[in-house]
Trainee: 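Can you read through this structure? Questions will come right after.
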Amino acid sequence: MISVNTNLAAMAAIQNLNRTGLELQQTQSAISTGKKIANVRDNGAVWVIANKMSTDVQSYSRVRESNDRATAILDTAIAAGEGIMELLNEMKAKALAATQTGLSAGSQAALTADFNQLRDQITTVVANASFDGTNMVGATPDSAIGLGDSSGGNGITIAGANLSLGGPVVSVATGTTVDTASNASTALGLVNASITALGTQLATWGAGAKRLEVHRQFVGKLQDALNTGIGSLVDADLSAESAKLQSLQVKKQLGIQALSIANSTTQYALGLFR
């Protein structure tokens, strides 16, 4: 049927042309942004999933920063412990020398002075072993705490230890001295016990440092995996989009031509009245 009021062919051509225009707009957006899903209008469900994963990636960056801070705090404690171990080793040599009988008063006094200086230096090391206000080796030791996951749970805690004189690790007290052979023998026993206990504590902290490092590496790999997943969800395949763009451009030209032909059919009605 030929009608000047209803042109079904033109309607169909317009619908197809509009559909092609929408697809062309989406393809051009994908090429310009590099994403096939750039906003929630493109695909709401996938966009929400990708957005949640992006938030997790950002959160894991904070986890890595927290672990870096915990590592720095622990490294400070380990450095202090190693420094104290060196002092204890020197004190052991002084105490051993002072246990000898028959030392002159001058020699005993010199050994005592050296021993006391080394002993008091431990207090100085403990007092200065702080990072960002956290001291893992003080009389009331803090702990190194790192975040575990993006929700703030499963944290990693490395407990501190009191390395002060007369404490549970360094049993050498503030009054320990080597002014006599008897006192030197007592001091030697305390120094040996302190070296053993401190060695155990340093080994524990070393394992804690390794744990933090392993977790930091894991978080980095997890971020890479999440970024890969996000890319597979929202990134556009530019080679495919380029081919699709050319196809749609041709399709649009054909649609315009089809619409032109459909519109010209109404002219046939005039031929019926000539």
Side-chain angles (χ1 to χ4, degrees), residues 67-146 156-214 216:
N67 276 264
D68 288 343
R69 179 179 182 276
T71 298
I73 292 171
L74 182 56
D75 286 346
T76 302
I78 291 175
E82 291 173 344
I84 293 173
M85 181 66 81
E86 293 178 2
L87 292 171
L88 289 173
N89 288 333
E90 293 187 42
M91 290 166 64
K92 179 178 180 178
K94 303 298 180 182
L96 181 60
T99 59
Q100 300 177 74
T101 57
L103 285 176
S104 65
S107 296
Q108 195 81 41
L111 290 170
T112 300
D114 289 346
F115 183 91
N116 291 348
Q117 288 294 324
L118 294 170
R119 177 200 64 200
D120 295 342
Q121 181 60 24
I122 292 177
T123 300
T124 301
V125 171
V126 170
N128 288 280
S130 295
F131 180 89
D132 194 24
T134 302
N135 191 323
M136 291 184 65
V137 300
T140 306
D142 299 313
S143 296
I145 303 174
I156 298 175
T157 300
I158 310 299
N162 179 9
L163 302 188
S164 302
L165 292 173
V169 179
V170 181
S171 53
V172 175
T174 55
T176 301
T177 188
V178 294
D179 55 347
T180 65
S182 176
N183 287 339
S185 180
T186 300
L188 181 60
L190 293 174
V191 170
N192 283 331
S194 300
I195 290 174
T196 300
L198 181 56
T200 301
Q201 185 59 57
L202 286 173
T204 300
W205 282 342
K210 183 64 176 178
R211 182 184 177 190
L212 287 170
E213 176 60 24
V214 168
R216 188 180 188 282

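As a basis for the values below, the full set of heavy atoms in this structure was taken, side chains included, without hydrogen atoms, waters or symmetry mates.
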Trainee: Is there a donor-acceptor contact under 3.5 Å from the side chain of Ser164 to the main chain of Gly167?
Mentor: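 Not confirmed, Ser164 side chain does not pair with Gly167 backbone.
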Trainee: So do the side chains of Phe115 and Val191 get within less than 4.5 Å of each other, counting heavy atoms only?
Mentor: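 A side-chain contact under 4.5 Å exists here.
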Trainee: On a heavy-atom basis, which atom in Asn135 and which in Ser130 lie closest, and how many Å separate them?
Mentor: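 Taking every non-hydrogen atom into account, ND2-OG, 3.3 Å.
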Trainee: Holding to side-chain hydrogen bond (donor to acceptor under 3.5 Å, both in side chains), I want the full list of residues that pass it with Thr174, two or more places apart in sequence or in another chain.
Mentor: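 If we apply the side-chain hydrogen bond (donor to acceptor under 3.5 Å, both in side chains) test to Thr174, skipping adjacent residues, there are no hits.
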Trainee: Looking at Thr112 and Val178, what are the two nearest heavy atoms and their distance?
Mentor: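 Closest approach of Thr112 to Val178: OG1-O, 3.2 Å.
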Trainee: Taking side-chain contact (heavy atoms from CB on, under 4.5 Å) as the criterion, tell me which of Val172, Val125, Asp120 meets it with Leu87.
Mentor: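 Per the side-chain contact (heavy atoms from CB on, under 4.5 Å) rule, the option paired with Leu87 is Val125, out of Val172, Val125, Asp120.
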Trainee: Using every non-hydrogen atom in the two residues, find where Gly160 and Ser143 come nearest and quote the distance to one decimal.
Mentor: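 Taking every non-hydrogen atom into account, N-OG, 3.7 Å.
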Trainee: Just wondering, do Val170 and Val126 contact through their side chains at under 4.5 Å, heavy atoms?
Mentor: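 The answer is no; the side chains never approach within 4.5 Å.
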Trainee: Partners of Leu212 by side chain to side chain contact (heavy atoms under 4.5 Å, CB included), sequence neighbours excluded?
Mentor: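 With neighbours one apart ignored, the set is Asn67, Ala70, Thr71, Leu74, Ile156, Ile158.
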Trainee: Could you tell me whether a side-chain N or O of Trp205 sits under 3.5 Å from a main-chain N or O of Ala159, the two making a donor and an acceptor?
Mentor: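 A pair under 3.5 Å: yes.
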Trainee: So, the side chain of Thr123 versus the backbone of Arg119: is there a donor-acceptor pair under 3.5 Å, distance only?
Mentor: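 The answer is no, because no donor-acceptor pair under 3.5 Å joins these two groups.
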Trainee: Counting C-beta onward and ignoring hydrogens, is there a side-chain heavy-atom pair between Asp132 and Ile73 closer than 4.5 Å?
Mentor: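 Of all side-chain heavy-atom pairs linking Ile73 with Asp132, none is under 4.5 Å.
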Trainee: Side chains of Asn116 and Thr177, heavy atoms from C-beta outward: is any pair under 4.5 Å?
Mentor: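 A side-chain contact exists here, since the closest heavy-atom pair is under 4.5 Å.
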Trainee: Within the structure provided, determine whether Met91 and Thr176 are in side-chain contact (heavy-atom separation under 4.5 Å).
Mentor: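 With C-beta onward as the side chain, the pair stays apart.
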Trainee: Could you tell me whether a side-chain N or O of Ser171 sits under 3.5 Å from a main-chain N or O of Leu190, the two making a donor and an acceptor?
Mentor: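 Yes.
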